[in-house]
Structure formats: C-alpha cells, structure tokens
Amino acid sequence: MKQRDLNANELEDLQQSLLKWFKEHQRKLPWRENYEPYQVWISEIMLQQTQVKTMLPFYRRWMEALPGIREVAEADEELLIKLWEGLGYYRRVRNIRKTAEMICNEYGGQFPEQVAELLKLPGIGRYTAGAIASIAFNQPAPILDGNVTRVLCRVRKIEDPPQLGDVGKELWRLAEAWIPKEEARNFNQALMELGATVCLPSSPNCLLCPIRQHCLAFELGKVEAIPASKPGKVPRQRYRACAVIRCNKKLLFSKRLENSLLEGLWEFPSVESDTKKKLKGTLEEHLERNYGIKVTLGKEIHQLEHRYTNFKTRVGFYPVTLEVPGKKSNETTSWVEIPKIEDLALPRPYRRFIEWYLEQFRN
DNA sequence: CAGCCGTGGAC
DNA sequence: TGTCCAAGGCT
C-alpha cells in the first residue's frame, strides 16, 4: 500500500530539520574536512558493507601512505593489498588500482564529476557514483544504501521487502526527489548519518530523531517491523587443512588465485572439502603433486573457524619440518623468512594463527 | 537475479 | 554460541 507523497511544506520542514540536525550532530570524519574527491572516493569504497568504526584505522593508514591518486596509480600492487589486509572484499582494492590508472591516464588525474562518467569506473556502482557526485561535488545526485533504505522505508511506511524490484525503484525515486538542490552534500550525508547513529536497525533512538514527526512508522508504532528483513540463508559447512611447513627458519606460503575468495592474499598450502574425511591424506598428495614435497604430516596443532559470506570453514593446521626445501619457489609459492611474514598480506584468521604459532615455538 | 565476495561488532 | 547486519558491486 503506497502512501501519498509528502507535500511541499512537509518536505521543506523535513529537509531543514535534517540539515540542522546534521550540522549539529555529524561525526568528525577525515574526508569531511575538505571533501577532496580522492579522499571521498577512498572512503566510499572502504565503507562498502563496512562500518565507519571498522574502516577508520585503515583509512588513516592508507592516506598516510598514499596521499593522492597519483601515488595509488604508481604504487606496487602488493603494497595496496597489504594496506587492505583485514578489510575484506579484496576485489575493492584491485578496482581502486584500476580506477586510479584510468583517472591518471584518461582524465588527466582529475576525478569526473558526472554520475554517468563515474559509473564507467570499476568498483563504482550506482550508490558510490551518487555518493562521490554529491559528497565531493555537491551535485544533486541520489544515493541509496542500507541506511537510506531503512530511513526512507520507515518515514514512508514501506512495508514490502526493499529488495523487491519495484520497491527499489520507488526508493531511488524518493532519494532523488527529497534532495534540496543546493544542499545535496549535506542532505545525503545527513540521511546516512541518521541511519547509522539514530535510525538503527533495531532499537532506534526515535526520541532523538529530528524527523520523527514526519515518520509514519514511528506514528504507527511499526518502527521495529520496518524494513522487512529477508530470510537468512544457512551458511554451508566446509573443512580445510593447512600445511605449516618449516625449513631453515622459513615457512612456505602460497598465493591465492585471482577471481577467487581472498584473491591475491597469501596462505599456507592447503586443501578444502565438504567433509573432514581423508583431508590430511589429500593434503599430503597435494604437497607432493604441486610442491614436490613428500612428507608425512604431524598431528593437527590448531583449529579455527573461518566464517565468510556463505560458508563456515573449519580450518586445521598440520606442522612439518623439512631438511631441504622441495621444488623452487615461483610466483605463486614462496619460502618466507619468519620476520618477513608480517610483510605478506594474509587473511585475518591466518594472520591470527601465525601470531599464535610463532609465540608457541619461541618457548 | 541470485550468488558471490570478509570481517568485526552488536545483541 | 548463534544470528544479523554494515556507507555495494559484479556476474
């Protein structure tokens, strides 16, 4: 059931109330100091499916190492991935690199200001293009993310699941129609800021909300029920066995393939399966076939759970010490001296294991 | 369009 | 311990 739209006076009041609230209550964030397009861009990529609190340390470290887009275009890919270590969704950092090269080579180092141009850049979709156009250049381009979706659904009492195609179209329409033409930067940020700090998914602070007098969900006591949540999928269980191979104070690492989970990061030589059955034997075969290493693995020394979008993987670690290394290292396998391991970009759970492991045999 | 891509935090 | 979700994009 669709509500009538806000009339001009109601919309005007909502806009002014929200802008006033944002002016007073916005968080101090680094890219808000001067809204440099480069900084806005990096912040928006980091913020994809990631909360401010989580990305802030990564953002600061990134800007210290790479203060401008030229530095990104000329940087070593290994450095970029290392700076991204722990943030997840590693495809994002590869796309940052590609976009930096495109802007330096095809746009003279200047960020395009039009949504249509921004959309041509890898890693920049409808949301991010609108965010850069509005936040960096104050253009009246709409944005629709999880926060804005929640705020709009509640204010307008949209009870159908927002992922439905027609609902999405309506939300984009509202997101555009509500923007005060001269205040796009502050208004778009205000919508998101409200969603992130007040209009929370559960237990929202409605009494602190500057636009609750316009909110139909609040008026009708349906705030907790809107937006409708989609039925979650049960993550599948998988098992992985990792070989921790030590030789002359070095450990053997393998680089993960592109276009795969955790692409471009390093890990231990390992095998994965739907069942735990014969996993250790499979790993031994794997080591002989792909690394020229014929060994009998020791007892499992550690176990952890690696959870990601669709899977929960039980990871076991099997140690072995070699007198001589097997096959020579190549681009995807490398013997790494123990102190140099911190230079590798590793998935978080493996980084944590190594810290634990090295601590063990210091004793 | 449904599935894929990470991780930490809140509850 | 389990579940959900977060400033999405891409295939």
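Please read all numbers here as calculations on a predicted model, not as lab measurements. Chain letters run A, B, ... following the sequence lines, proteins first, then strands; residues in each count from 1.
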Could you walk me through whether A/E85 and A/K82 pass salt bridge (charged side-chain N to carboxylate O under 4.0 Å, His left out), step by step?
CA-CA 5 Å; A/E85 180 190 62; A/K82 181 63 186 174; 3.2 Å; yes

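Mapped onto DNA chain B by nearest heavy atom, A/R236 and A/H306 fall at different nucleotides, with A/R236 at the one closer to the 5' end. Residues A/S202 and A/Q48 each lie close to DNA chain B; by heavy-atom proximity, the contact nearer the 5' end of the strand is made by A/Q48. Comparing A/L119 and A/D145 against DNA chain C, the residue whose closest nucleotide sits nearer the 5' end is A/D145.
Ring to ring, A/F317 and A/Y357 are not that close: their centroids are 6.0 angstrom or more apart. Not less than 6.0 angstrom separates the ring centroid of A/W31 from the ring centroid of A/W41.
When heavy atoms are screened at a 4.0 angstrom cut-off, A/V148 is found touching no nucleic acid atom at all. Across all strands, A/S229 comes closer than 4.0 Å only to sugar-phosphate atoms, never to a base (heavy-atom distances). Using a 4.0 Å heavy-atom cutoff across all strands shown, A/R351 reaches no nucleic acid atom at all. Within 4.0 Å (heavy atoms only), A/T128 reaches sugar-phosphate atoms of the nucleic acid but no base atom.
Regarding A/L83, its CG atom lies at a distance of 17 Å from the P atom of B/dG6, rounded to whole Å. To the nearest angstrom, P of B/dC5 lies 9 Å from CG of A/L262. Counting to the nearest Å, the P atom of C/dG8 and the CG atom of A/L118 are 17 Å from each other. Going from atom CZ of A/R126 over to atom P of C/dG9 covers 11 Å, rounded to whole Å. Straight-line distance from the CZ atom of A/R91 to the C1' atom of B/dG6: 13 Å, rounded to whole Å. Spacing between atom CZ of A/R238 and atom C1' of B/dC5 amounts to 12 Å, rounded to whole angstrom units. Taking atom CD1 on A/I135 and atom C1' on C/dG8, their separation rounds to 14 Å, with Å as the unit. Remark: C1' of B/dG6 and CZ of A/R256 are 12 Å apart, rounded to the nearest angstrom.
When the side-chain nitrogen and oxygen atoms of A/N310 are compared with OP1 and OP2 of B/dC4, one or more of them lie within a distance under 4.0 Å. Residue A/R348 places at least one side-chain N or O closer than 4.0 Å to OP1 or OP2 of B/dG8. In terms of phosphate contacts, A/R307 brings no side-chain nitrogen or oxygen within less than 4.0 Å of OP1 or OP2 of C/dT1.
Between the side chain of A/Y89 and the base of B/dG6 there is at least one donor-acceptor pair of N/O atoms closer than 3.5 Å.
When the P atom is compared between B/dG6 and C/dT3, the two are found 22 Å apart, to the nearest whole Å.
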